[in-house]
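For the single chain, residues carry numbers from 1 onward in sequence order.
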Amino acid sequence: PIPYRITNNYYPNEVATAQVLVEMWRAAGLRVRVEMAENVAMQERPEGRALTSNSATSFFPDPVASPWRIFGPTGPIQARLRAWSNAEFNRLGQVLEQSVDTVERRQVWSRMLGILDADPPALILHANGHFHGKRASVRWAPAGRTLSMDFRRESLSFA
């Protein structure tokens, strides 16, 4: 069986999610076994690890915020877990990180997404919901798909 090492609900509903995933994989013909780890360090140890849970947050709406930071050569997937590497992705990420040319960055990021699709370093199961509430008299809008709340003077006013 393929080992799927998790902690005891480090993430909300992690155990229940793992049980559902194992059953879906079983229906597809894969034999996956959940292994409980006492903590994240034990969960991430490389010996016998095949599947594990992880998380990432993006702090600003740019590819270098999350995908490059997580999957690039200094990110946890390559540097700490040593679970995946792709030379072309790493080379293109350097261009993405240093270029200020919007057209070039868009082309490079498109190719990097193609690499992530063809040679996936992870399966994304959940995306954080972002919910905001405000009075109708407050002129403010959330800053896109980020976790930041922009309350600078130019972003906020009261009627």
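- Among residue pairs with one or both ends in residues 32-43, those qualifying as salt bridge (charged side-chain N to carboxylate O under 4.0 Å, His left out) are R5-E35, R33-E35; sequence neighbours excluded.
- Side-chain polar atoms of T7 and E14 form a donor-acceptor pair below 3.5 angstrom.
- Between L21 and L51 the shortest side-chain heavy-atom distance does not fall below 4.5 Å.
- Residues M112 and W68 form a side-chain contact, since some pair of their non-hydrogen atoms from C-beta on lies under 4.5 Å apart.
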- So V95 and W109, side chain to side chain contact (heavy atoms under 4.5 Å, CB included) or not? Walk me through it. CA-CA 9 Å; V95 174; W109 179 234; over 6 Å; no

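- Hydrophobic clustering (ILVMFWY, side-chain heavy atoms < 4.5 Å, transitive): L30 and I6 are in one cluster.
- Among residues two or more places apart in sequence or in another chain, the salt bridge (charged side-chain N to carboxylate O under 4.0 Å, His left out) test is passed with E88 by R111.
- Under the 4.5 Å side-chain criterion, counting only non-hydrogen atoms from C-beta, P63 is in contact with L96.
- Using cut-offs of 30° and 60° for the angle between ring planes, the F71 and F89 rings count as perpendicular.
- Side-chain contact between N39 and M42 is present, with at least one heavy-atom pair separated by less than 4.5 Å.
- Counting heavy atoms of neighbouring residues, nucleotides and ligands inside a 6.0 Å radius, atom CG of N13 does not exceed 12 of them.
- Residues N54 and I77 have side chains in contact (heavy-atom distance under 4.5 Å, counting atoms from C-beta outward).
- More than 12 non-hydrogen atoms from other residues, nucleotides or ligands lie less than 6.0 angstrom from CZ of R45.
- The shortest distance between side-chain heavy atoms of W140 and R135 does not fall below 4.5 Å.
- Remark: R82 engages no residue in a salt bridge (charged side-chain N to carboxylate O under 4.0 Å, His left out) (not counting sequence neighbours).
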